[in-house]
Amino acid sequence: MAPHQIGIIGLGKIAQDQHLPVIKANPDFELLAVASQRGLKPDEAKYSFQDYRDLLKIPEVEAVSICTPPQVRHQIARDALLAGKSVLLEKPPAATLSELEDLKELAAKVGRVVFTTWHAQYNKAVEEAKKALAGWTIKRLLVTWKEDVRHWHPGQQWIWQAGGFGVFDPGINALSIVTRIMPEPVFIKTSNLEFPANRDAPIAAHLTFSMSHGQGDLEAVFDWRQTGPQTWDIEVETEAGLSLKLSHGGSCLEIGGRQVVQEEPAEYQGIYRRFDELLNTRQSEVDDAPFRLVGDAFMVGKRVQVDAFED
C-alpha cells in the first residue's frame, strides 16, 4: 500500500523530538506538510504554512497530527475532520471532555478517524504489568511522578494558563498507565492541588483513589519542582502479595523485585503503528479514561496556594 500522506499542525518540542523523526523512519507514512505559527520549515516536509487552514486545503493530505497546546486543539481538529482529514491528537486530546466527545461524534458523522494518543501506554512493560495484575485485588498503589518543569517546558507559558493542565500535562501520562494496568477502575477520592500564586494551573498535586471493591491504599503524587534525577514510578501490590514496579516512565518493570522488562522507550513508534492500522480500517480509537481522572481531580480538588513560580 502507498504510504499515508500526513501533515503536522504545531511544531513545538514534542513534534520536533518525536513526531518528525518517527514519521521519517516509518515507511507507512510520508510527511507532506506542516503548519507552524512560528514559520518553522523542516526539510522533511514538501509544504510549510503558518496558517493550518492552508495545510487542510491540500487534497493529498489524508491525516494530520495535531501537536498544538490543548486550548486550541478542538477547533483545529474540527476543521480537519470537516476538511476530510483523519486526526491524531497529542495528549491531552482537548481542553475539556465535552470537546473530545464532540470530536468523536463528528469523526463518526464524516467517516474519518480520530485517535487519542497516550504515549506511555505503548511501552512493553505497561502491557506486561497489565497481564500480571489481571484478576487480582489491589491492596496498594503509589504513583510518584516528579520532574523539573524548567527542563521539559522551558519558557512555555500555555501550560500555566487555564486549560493548560499544569502538572497534569506530565501527570496524565501516569494516569494513562494506571487506567491501562489496573484490573478495575479507580476513582478520584481526594485531590489537593498546589497553585503558584502567579499561575492559573497547578505545579503539584496529591491524589487519593477509591475502587468499587475493597479499600486499598491508593495515591498519586505529582510535582513539577524536582531537580536532579527525575522520578516516574508506579508501584502496585495485590492482596495476594504480588508486587510490581514500573519505572522510567513505564519502560522498565520489576515483579517481585526481579527485572522483567528493561527497554528503551519506543512509544511514538507504537503510536504510529497503531495509527496506520486505524487508518487502514477506518476505525477511531478514543480513550478518555485518563482524561476523565484529570477532570475529576480538578472537579473535587482543594486549591492550595504556594509560592509564586518564575521561569
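You'll find the side chain of Phe222 reaches within 4.5 Å of the side chain of Phe168, heavy atoms only. Residues Ile181 and Val126 are in side-chain contact: their nearest non-hydrogen atoms beyond the backbone lie under 4.5 Å apart. By the 4.5 Å heavy-atom criterion applied to side chains, Arg112 and Lys85 are not counted as neighbours. Using a 4.5 Å heavy-atom threshold, the side chains of Leu55 and Tyr47 count as separate. Using a 4.5 Å heavy-atom cutoff, the side chains of Val34 and Pro42 are in contact. At least one side-chain heavy atom of Asp169 sits under 4.5 Å from a side-chain heavy atom of Trp158. Residues Pro70 and Arg73 have side chains in contact (heavy-atom distance under 4.5 Å, counting atoms from C-beta outward).
Comment: Asp276 does not engage Arg273 in a salt bridge, judged by the lack of any side-chain N to carboxylate O separation of less than 4.0 angstrom. Using a cutoff of 4.0 Å between basic side-chain nitrogens and carboxylate oxygens, Glu128 and Lys131 are scored as salt-bridged. Look at Glu127 and Lys124 and you find no salt bridge, because none of the NZ, NE, NH1 or NH2 atoms lies under 4.0 Å from a carboxylate O. With respect to Glu194 and Arg225, a salt bridge is recorded, a charged nitrogen being found less than 4.0 Å from a carboxylate O. At a threshold of 4.0 Å, the pair Arg140-Glu235 counts as salt-bridged, since one of the basic side-chain nitrogens sits closer than that to a carboxylate oxygen. Using a 4.0 Å cut-off between charged side-chain N and carboxylate O, Asp102 and Arg78 make a salt bridge.
The shortest heavy-atom contact between Ile159 and Ala201 is O-CB, 3.5 Å. Contact detail for Val167 and Trp224: the closest heavy-atom pair is N-CZ3, 3.5 Å. Nearest approach of Phe165 to Phe298, heavy atoms of both residues: O-CZ, 4.3 Å.
Judged by distance alone, the side chains of Gln157 and Asp311 do bring a donor and an acceptor atom under 3.5 Å apart. Side-chain atoms of Glu267 and Asn123 include a donor-acceptor pair closer than 3.5 Å. When only modelled atom types and interatomic distance are considered, Thr231 and Gln226 share a side-chain donor-acceptor pair under 3.5 Å. Inspection of the Tyr272 and Ser65 side chains reveals an N or O donor paired with an N or O acceptor under 3.5 Å. For the 3.5 Å distance criterion, the side chains of Glu30 and His4 fail to qualify, holding no donor opposite an acceptor. Using modelled atom types, one finds no donor on one side chain facing an acceptor on the other under 3.5 Å when comparing Glu239 with Trp136. Between Gln121 and Asn173, the side chains place no donor N or O within less than 3.5 Å of an acceptor N or O (distance only, hydrogens not considered). Under 3.5 Å, the side chains of Glu90 and His19 contain a donor-acceptor pair of N or O atoms.
In this structure, Lys91 places its NZ atom where more than 12 heavy-atom neighbours from other residues, nucleotides or ligands lie under 6.0 Å away.
Hydrophobic clustering of Ile, Leu, Val, Met, Phe, Trp and Tyr side chains at less than 4.5 Å, counting indirect connections, unites Tyr122 with Leu20. Both Trp118 and Leu133 are part of a single hydrophobic cluster, where members link through side-chain heavy atoms under 4.5 Å apart. Residue Leu106 is not grouped with residue Leu278 when hydrophobic side chains (ILVMFWY) are merged at heavy-atom distances under 4.5 angstrom, including chains of intermediate members. When the side chains of ILVMFWY residues are joined at heavy-atom separations under 4.5 Å, either directly or via intervening members, Ile8 and Val113 end up in a single hydrophobic cluster. At a threshold of 4.5 Å between side-chain heavy atoms, the hydrophobic network of Ile, Leu, Val, Met, Phe, Trp and Tyr places Leu11 and Leu56 in two separate groups.
Relative to the ring axis of Phe195, Arg303 places its NZ or CZ within 45° and under 6.0 Å from the centre.
Taking the six-membered ring for Trp, Trp152 and Trp145 have ring centres at least 6.0 Å apart.
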